[in-house]
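Notes follow the structure.
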Amino acid sequence: MEWFELSGGMPLHGSITLQGSKNAALPLLAGAILHRGKTTLYHVPDIRDISVMIQILQKMGCRVHKEGSTLQIDAACADTPCVDAFLGEQMRSSIILMGALLGRFQKAVLPFPGGCVIGVRPIDLHVTSMQKLGAVLREEDGMLCAKTEGLCGNRIHLRFPSVGATENIILAAVCAKGVTELENGAKEPEIVELCRFLRGKGAKISGIGTSCLRIEGVERLRDSSYTLMPDRIVAGTYLFAAAATRGQICLCGARPQDMMEVLHILKKMGAEFRYIDEKLWMDGRNAYYPVDYVCTDTYPGFPTDLQSQLLAALCVAEGKSRVRESIFEERFRIAPQLNRMGAHVTVDGREAIVEGCGHLKGADVRAEELRGGAALVVAGLAAKGTTRVYGRTFIERGYEDIAGDLGKLGAVISKG
Ligand code: EPZ
């Protein structure tokens, strides 16, 4: 099993430029399918999930040219609404192709996205939302098959502001007949990014940035280009690594407005920030205070994707913290791995108590999923001695070059 090896205990210092956002790039790639023409995306991260999505588009007949972090997609020749089962199963977020395929082909055939180690990850909100827009869904030969005579705008209220379901609704509604009114939609920055991208293609969307979107269907979209936002979860990961090592770092290209609650928690831990010329400076030399209580929430609350990295940083704070996970039921699976490094994390259902002891010791640990793996890297940076984090490929699903980035910040990290 591939690994990262870290020699920890030194403060991070220096500056790096942030990669583009994985969770913005994926829905925008789905959006490219909607248009029988060209889409150019800049600042696309070079990570496994993106290469899987590119292969899925290519198998559908799209021409995709990659040059550095620039992707040129020509979807004019796309000729099938079927997502390759093998590829689709590798990435559960392939479910967000459903809305775009229904909009383009009036049909979508894709594998059922399984659950994963962080949770069951149901798709009921996706299914009911597509049905409300005029699609009929059923299981055929183990695949999810959706068909429509033509999508029609409708009023949809989500019982939970699901990010993926919101993305599917937007992608299905932009070329549907009539108007779609979405209530209680997700309003993560990645949703705003998708709306802005689609507006640039000629879509008519209002209420962007709020939980109530109004989407008026249009006949066709147009060629466009778009530069992706920086990855706020990668940014937060590096900030928690700087806090855990009491370091001082600068993130070039960061957008603090996308991560206010994360910065709020880091300030409670003792970190200080400056933001000048799109550079976010963090001084983590005093970031050793515990946090009495943090609960993950949908945006603009504290993001579930940074909960494990926060937990790792709290393990080396000096005192007791309490963390509640309200989104994914299995996010605390990382606790036993942290405890192997000398942490004192006690999990009780949706809550974890961290008795921060100020230090950790290096150990061999194993990542089972993307953000938990990133948290083990954070812990390894803070731990005295050598830490080997197995399951490197989980982490590389979302981090373009975590070893290179951390190396630029002074970390001693290698991979094998
Ligand atoms: C997106 O996943 C992100 N993935 C996740 O990031 C992120 O953790 C999550 O949003 C929450 O912010 C991508 O953008 C590719 P949800 P998604 O639908 O869309 C329940 C990462 O590390 N739910 O908002 O799958 C579900 O069980 C990944 O980059 C239903 O009940 O998240 C969960 O409890 C991990 N029914 C909650 O909603 C549904 O039909 C959040 O799910 C859909 C979701």
Side-chain angles (χ1 to χ4, degrees), residues 19-31 45 47-50 52-53 56 88 90-99 112-132 137 144 156-171 184-194 211 228-229 231-237 258-259 261-262 295-310 324-331 333-334 350 367-375 394-400 402:
Q19 70 182 60
S21 165
K22 165 178 88 82
N23 291 350
L26 292 170
L28 268 61
L29 283 167
I47 52 179
R48 198 155 68 89
D49 276 13
I50 297 298
V52 170
M53 188 63 119
I56 289 173
Q90 289 183 43
M91 189 184 63
R92 64 174 316 283
S93 50
S94 54
I95 186 76
I96 60 171
L97 283 160
M98 177 160 60
F112 283 90
C116 69
V117 291
I118 65 173
V120 171
R121 320 250 342 231
I123 58 167
D124 58 304
L125 297 173
H126 297 255
V127 171
T128 51
S129 300
M130 294 303 102
Q131 288 168 336
K132 286 218 122 179
L137 287 83
L144 174 57
I156 298 173
H157 176 87
L158 287 176
R159 68 170 166 76
F160 177 86
S162 153
V163 170
T166 301
E167 289 166 347
N168 255 330
I169 292 164
I170 294 168
L171 288 162
N184 198 37
K187 47 189 182 183
E188 273 69 1
E190 293 77 18
I191 302 286
V192 173
E193 198 77 345
L194 176 61
S211 56
L228 276 168
M229 64 183 273
D231 193 306
R232 63 190 172 104
I233 305 303
V234 171
T237 302
D258 294 341
M259 41 200 306
E261 185 56 24
V262 175
C295 181
T296 64
D297 200 351
T298 57
Y299 193 83
F302 189 88
T304 177
D305 289 351
L306 282 171
Q307 185 257 87
S308 300
Q309 298 91 316
L310 164 67
R324 182 171 182 80
E325 171 57 52
S326 73
I327 309 284
F328 288 118
E329 62 273 22
E330 294 295 339
R331 273 259 197 233
R333 284 172 66 105
I334 200 67
R350 290 282 189 141
E368 290 182 301
E369 42 85 20
L370 167 54
R371 305 303 176 184
F394 287 111
I395 301 166
E396 290 172 336
R397 289 190 56 174
Y399 295 79
E400 191 173 59
I402 192 168

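In each ligand, atom 1 is the first atom listed, and ligand 1 is the first ligand listed.
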Inset, instruction - Apply side-chain hydrogen bond (donor to acceptor under 3.5 Å, both in side chains) to E193 and list each qualifying residue two or more places apart in sequence or on a separate chain. - result: Y226

Legend entry - Under-4.0 Å salt bridge between R331 and E369: yes

Inset, instruction - For the pair N184 (side chain) and H157 (backbone), establish whether a donor and an acceptor sit closer than 3.5 Å, ignoring hydrogens and angles. - result: no

Legend entry - Neighbouring protein residues of ligand 1 - any heavy atom closer than 4.0 Å: K22, N23, L26, R92, S93, R121, P122, I123, D124, L125, H126, R159, F160, S162, V163, G164, T304, D305, I327, F328, R331, L370, R371

Legend entry - For E190, all residues meeting side-chain hydrogen bond (donor to acceptor under 3.5 Å, both in side chains), sequence neighbours excluded: R232

Legend entry - Side-chain donor or acceptor of E329 paired with backbone N/O of E325 under 3.5 Å: no

Legend entry - By side chain to side chain contact (heavy atoms under 4.5 Å, CB included) - contacts of P122 (at least two apart): V120, D124

